Amino acid sequence: MLSRYTWNMESPRDKLDLDRSQVKKAVHALLAYIKSSSSSQKLLENDGQAISLLLTLWTIPKKEQKIRIPLPHGLRTESGDVCLFTRDEPKMTSEQTVRFYKKLLKVRGIQNAIEVIPFNMLKTEYKPFEAKRKLLGNFDLFLSDARIHRRLPSHIGKHFYERKKVPLSVDLESKHLARDMERLIHGTTLTVSNKGSCCMVRVAHSDMTADEMVENVMTALSTISAKLSTSGKNIKIIHLKSQTSVALPIYTSDLSHLALVEEARKEARLNKGAQKRKRANKNTEVSELITKETGEEEEEEIPQLVPFETPTKKPKREIISKKGLKKAPKPAAGKGLKKTIKDTKLTKKIPKVTACDLKRKAKNK
């Protein structure tokens, strides 16, 4: 049985205090298992199995994080298992851009054989689903020019994300291009997801020697504990495993660390609450000052010297007659108004017949 590792609580970044001899025992056990399985089943004789670290956290992180880990012994050889997506150079065909970037990599001192695919070629030749699957299986690592990195997700498809082969961005205009490329090719990346408490990172392969594997494991764990957004106390268990073997625990934290994690979370909540209160107090003070200043300005700008009254009702119309002032009758609404107008017109046109008029007519006859 492997002995449990202890935690160095006095370290400023809560780094893991791992015992090199215990890691070496786990590596030898994995190598023995891989040899026995390959000799019995006659599988994986030429291809080396990937050896990975499996990290289990106490709490699920709130944000996703990617940690780039440089390794002293590279995971990949000089064989061409790396693909680079580049932008389309102006006034150049896709073949000319491939030659241009291959020449650039040689001039900058990059020895690895890298396959170059321009962006236009990716859109046209690798548009079908089968072509994308073949591309995904042919290469182990994908890199992309930082100038076109944001345009790739809509063209590579979801399978690159499911297989965890998302292209890593590289600044091809950098002065230290060889150093940056070597760190990505010979190193590895850990993606700490915010959807679960487990994450895995490839650290070595079975073709390495035991000492090389141990060095890679130690450097990977030191960088992870230093760059992890949550403190090292959040790590619960660390396992070492191959593709077909059982996961061997190389570190198991005590329950006391869970209490430390909870205390750290409470302190963070209290700090956030205090910051929110300070912001709220500042906002209220500023709003009060603004209201006071605006009130004083309004009083100075708009002085009310003479009070005035607004009329509430309209004055009634009045008609002047011989007898005196009389109120005008209210006009009839609707059809009644029309009828009164017609009657007045008829009365004007038809004159009244009296008795005197009849006597005059009789005398004339």
Side-chain angles (χ1 to χ4, degrees), residues 47-48 50 64-191 201-205 207 216 223 227:
D47 298 331
E64 187 176 356
Q65 185 184 5
K66 288 186 178 180
I67 300 172
R68 293 185 178 182
I69 304 167
L71 298 174
H73 304 284
L75 298 176
R76 300 166 187 89
T77 59
E78 294 181 358
S79 60
D81 58 351
V82 180
C83 179
L84 175 64
F85 298 117
T86 62
R87 76 163 190 173
D88 298 320
E89 290 295 323
K91 298 180 181 181
M92 284 189 186
T93 61
S94 58
E95 294 178 354
Q96 290 176 351
T97 53
V98 170
R99 293 172 187 170
F100 173 76
Y101 281 105
K102 282 186 176 180
K103 188 176 181 180
L104 177 66
L105 295 175
K106 287 181 181 178
V107 170
R108 293 295 180 88
I110 297 166
Q111 300 178 357
N112 296 80
I114 299 172
E115 186 70 22
V116 178
I117 297 176
F119 187 67
N120 192 12
M121 187 184 293
L122 177 65
K123 291 193 292 184
T124 56
E125 295 185 7
Y126 295 96
K127 188 176 181 180
F129 177 73
E130 295 180 357
K132 289 179 182 177
R133 287 186 64 184
K134 288 180 181 178
L135 179 67
L136 184 63
N138 289 335
F139 298 98
D140 187 27
L141 179 66
F142 291 91
L143 304 175
S144 67
D145 190 354
R147 294 169 289 184
I148 62 163
H149 185 70
R150 62 182 179 82
R151 302 170 62 188
L152 288 177
S154 59
H155 296 283
I156 58 177
K158 64 179 181 180
H159 297 283
F160 280 78
Y161 294 89
E162 291 177 354
R163 295 279 298 274
K164 295 182 180 180
K165 289 186 178 182
V166 182
L168 303 174
S169 63
V170 182
D171 187 8
L172 296 178
E173 296 178 347
S174 176
K175 296 180 181 179
H176 306 285
L177 181 61
R179 184 190 66 187
D180 298 339
M181 294 282 283
E182 284 179 0
R183 285 181 179 179
L184 293 174
I185 293 169
H186 298 295
T188 185
T189 56
L190 171 65
T191 56
V201 58
R202 184 180 173 186
V203 172
H205 57 83
D207 292 337
N216 283 357
T223 53
K227 293 182 180 181

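Keep in mind that this is a model prediction, so the values were computed, not measured.
Side-chain atoms of Lys66 and Thr189, non-hydrogen and from C-beta on, never get closer than 4.5 Å to each other. Side-chain contact check for Val82 versus Glu115: every heavy-atom pair is 4.5 Å or farther apart. With a 4.5 Å cut-off on side-chain heavy atoms, Lys132 and Ile156 do not count as touching. For the pair Leu122/Leu152, a side-chain contact is recorded, criterion being any heavy-atom separation below 4.5 Å from C-beta on. Here the side chains of Val116 and Phe85 are not in contact, with every heavy-atom distance at 4.5 Å or above. Within the 4.5 Å cutoff, the side chain of Leu135 has heavy atoms near those of the Ile117 side chain. Side-chain contact between Ile114 and Ile185 is present, with heavy atoms from C-beta onward closer than 4.5 Å. Under the 4.5 Å side-chain criterion, counting only non-hydrogen atoms from C-beta, Met181 is in contact with Leu105.
Shown here are the side chain to side chain contact (heavy atoms under 4.5 Å, CB included) partners of Arg183, two or more places apart in sequence or in another chain: Arg179. With sequence neighbours excluded, no residue forms a side chain to side chain donor-acceptor pair (under 3.5 Å) with Thr86. With sequence neighbours excluded, no residue forms a side chain to side chain contact (heavy atoms under 4.5 Å, CB included) with Arg150. Every residue meeting the side chain to side chain donor-acceptor pair (under 3.5 Å) condition with Glu173, not counting sequence neighbours, appears here in chain and number order: Arg147.
No side-chain donor-acceptor contact under 3.5 Å links Ser174 to the backbone of Asp171. Formation of a donor-acceptor pair under 3.5 Å by the Asn216 side chain with backbone atoms of Val203 is found in this model.
For the atom pair CG (Leu190) and CZ (Arg202), the distance works out to 14.5 Å, reported to the nearest 0.5 Å. Atom CG in Leu71 sits 13.0 Å away from atom CD in Glu182 (nearest 0.5 Å). Atom CZ of residue Phe160 and atom CG of residue Leu136 lie 5.0 Å apart, to the nearest 0.5 angstrom. In this structure, the separation between OG1 on Thr188 and CZ on Arg68 is 11.5 Å, given to the nearest 0.5 Å. Atom CZ in Phe139 sits 13.0 Å away from atom NZ in Lys134 (nearest 0.5 Å). The line from NZ of Lys227 to CD of Gln65 is 9.5 Å long, rounded to the nearest 0.5 Å.
Nearest heavy atom pair, residue Asp88 against residue Pro118, reads OD1-CB, 3.4 Å. Minimum heavy-atom separation, Pro167 to His149: O-CE1, 3.0 Å.
Counting only residues at least two apart or on different chains, no salt bridge (Lys or Arg N to Asp or Glu O under 4.0 Å) pair has a member in residues 118-131. For residues 112-138, the set of pairs meeting the ring pair (Phe, Tyr, Trp, His ring centres under 6.0 Å) definition, not counting sequence neighbours, comprises Phe119-His155, Phe129-His159.
Comment: Glu89 engages Arg87 in a salt bridge, judged by a side-chain N to carboxylate O separation of less than 4.0 angstrom. The residues Asp180 and Lys175 are annotated as not salt-bridged, no charged nitrogen and carboxylate oxygen being separated by less than 4.0 angstrom.
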* To do: Give the intermediate values and the outcome of side chain to side chain contact (heavy atoms under 4.5 Å, CB included) for residues Leu104 and Ile110.
  => CA-CA 9 Å; Leu104 177 66; Ile110 297 166; over 6 Å; no

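Sparse packing is recorded around CD of Glu95, with 12 or fewer heavy atoms of other residues, nucleotides or ligands lying under 6.0 Å away.
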